[in-house]
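Comments concern the structure below.
Keep in mind the model is a prediction, meaning the values are calculated, not measured.
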Amino acid sequence: MRSGATGRMLVDPRGGSFWFDAGAVCLDFAHTGGEDRYAVFESLHEPADLAEWLAHPSLGAAPTVPVSAGDLAAAKTLRQAIWEVAHARAAGRPLPLDGIAAINRAAAKPPLLPGLADDGATAVWVPPVRATQALSSMAREMIELLSGPWAGRIRECASDTCPMVFVDSSRPGARRWCAMERCGNRHKLRARRARRAPES
């Protein structure tokens with residue numbers, strides 16, 4: 001899937017923001033909100049929010065056809081499937097069959113079509129650009145990720161309180177944290193405090 005660099009600035013409901021790069025557009029998308037206790041992270045409240053997310057340079061698929069409420073519902077279904085399947089892969093568990101089915105359904109629809117702009121040097125998505133096409137392309141990316149050489153590099157943040165997932169693309173395969181500025185620094189701070197604490 002043609003895209004720019006992955007990664008987004010995420011807002012923490014408890015305050016502050018941080019840069020998170022999941023290493024794949026489909027995994028970035030999985031962190032746009034969620035169900036149950038993850039509902040506080042929801043960023044796709046209405047169709048316009050989905051259109052804005054898709055237009056971000058990491059995918060660059062600004063819809064030329066208005067995004068509908070049905071498109072938003074389909075996006076959230078795919079997002080939940082990617083989330084559940086990624087966590088299962090990271091934990092070494094069998095992938096949930098309903099998640100696989102949801103990803104396959106999205107992938108079966110026509111994807112984004114790449115084209116060459118008039119300048120002869122810039123890649124674009126051929127219009128009309130529909131939200132369903134972008135979802136299909138992300139579902140196909142997830143299929144490639146799960147069935148390819150990076151499947152074993154899907155990780156969950158090492159923090160006990162952080163469920164974020166990412167592709168560890170570091171050369172030694174040693175990435176532990178969703179973001180060093182967030183969970184990595186918190187871990188360092190706790191370790192430093194533990195070393196300084198007087199022995200009982």
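- With E42 contributing its side chain and G33 its backbone, the two residues share no donor-acceptor pair below 3.5 Å.
- A donor-acceptor pair under 3.5 Å is formed between the side chain of S137 and the backbone N or O of L112.
- A donor-acceptor pair under 3.5 Å links the side-chain atoms of T64 to the main chain of V129, judged by distance alone.
- With hydrogens and angles left out, the side-chain atoms of S169 and R153 include no donor and acceptor closer than 3.5 Å.
- Summarising the geometry, atom CG belonging to N104 is positioned 10.5 Å from atom CZ belonging to R140; distances are rounded to the nearest 0.5 Å.
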With side-chain contact (heavy atoms from CB on, under 4.5 Å) as the criterion, how do F41 and L10 come out once you've worked through the C-alpha distance, each side chain's angles and the decisive distance to 0.1 Å?
CA-CA 9 Å; F41 298 98; L10 300 184; over 6 Å; no
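- Of the possible donor and acceptor atoms, none in the side chain of T32 sits under 3.5 Å from a partner among the backbone N and O of D28.
- Looking at R79 and L44, their side chains come closer than 4.5 Å, going by heavy atoms from C-beta outward.
- Residues P47 and L72 share a closest heavy-atom pair of N-CD2, 3.8 Å.
- Of all heavy-atom pairs spanning A151 and L146, the tightest one is CB-O, 3.3 Å.
- Side-chain contact between R176 and E156: absent, with no pair of heavy atoms (C-beta onward) separated by less than 4.5 Å.
- V126 shares a hydrophobic cluster with L113; the chain of contacts runs through ILVMFWY side chains whose heavy atoms sit under 4.5 Å apart.
- Note that SG of C26 is 10.0 Å distant from CD1 of I143, once rounded to the nearest 0.5 Å.
- In this structure, V67 and W53 have side chains that are not in contact, with every pair of non-hydrogen atoms separated by 4.5 Å or more.
- Contact of the Y38 side chain with the P163 side chain is registered, since non-hydrogen atoms from C-beta on lie closer than 4.5 Å.
- Between Q133 and P111 the shortest side-chain heavy-atom distance does not fall below 4.5 Å.
- Under the 4.5 Å side-chain criterion, counting only non-hydrogen atoms from C-beta, E141 is not in contact with L59.
- Here the CG atom belonging to L95 is positioned 4.5 Å from the CZ atom belonging to R89, to the nearest 0.5 angstrom.
- Heavy-atom minimum distance, M142 versus I103: CG-CD1, 4.0 Å.
- Separation of atoms CG (D71) and NZ (K76) is listed at 12.5 Å; rounding is to 0.5 Å.
- From C178, atom SG reaches atom CH2 of W19 across 14.0 Å, with rounding to the nearest 0.5 Å.
- The backbone N or O of M164 sits nowhere less than 3.5 Å from a side-chain atom of W83 that would complete a donor-acceptor pair.
- The distance from atom SG of C157 to atom CZ of F166, rounded to the nearest 0.5 Å, is 6.0 Å.
- Without hydrogens or angle criteria, D168 side chain to R175 main chain gives a donor-acceptor distance under 3.5 Å.
- Using a 4.5 Å heavy-atom cutoff, the side chains of V124 and L116 are not in contact.
- Using a 4.5 Å cut-off between side-chain heavy atoms of Ile, Leu, Val, Met, Phe, Trp and Tyr, V65 forms no hydrophobic cluster with any other residue.
- A donor-acceptor contact shorter than 3.5 Å links the side chain of H31 to the backbone of L27.
- Residue pairs meeting the salt bridge (charged side-chain N to carboxylate O under 4.0 Å, His left out) criterion with at least one partner in residues 108-125, sequence neighbours excluded, do not occur; the list is empty.
- When every heavy atom of L50 is checked against every heavy atom of A131, the shortest pair comes out as CD2-CB, 4.4 Å.
- Across all non-hydrogen atoms, the minimal contact from A107 to A139 is N-CB, 3.6 Å.
- Across I82 and A30, no two heavy atoms sit closer than the pair CG2-CB, 3.8 Å.
- With contacts defined as side-chain heavy-atom distances shorter than 4.5 Å, the pair P96/V85 qualifies.
- Although no hydrogens or angles enter the test, the distance criterion places a donor-acceptor pair under 3.5 Å between the side chain of R155 and the main chain of G152.
- Looking at S136, its side chain never comes within 3.5 Å of a backbone N or O of T132 through a donor-acceptor pair.
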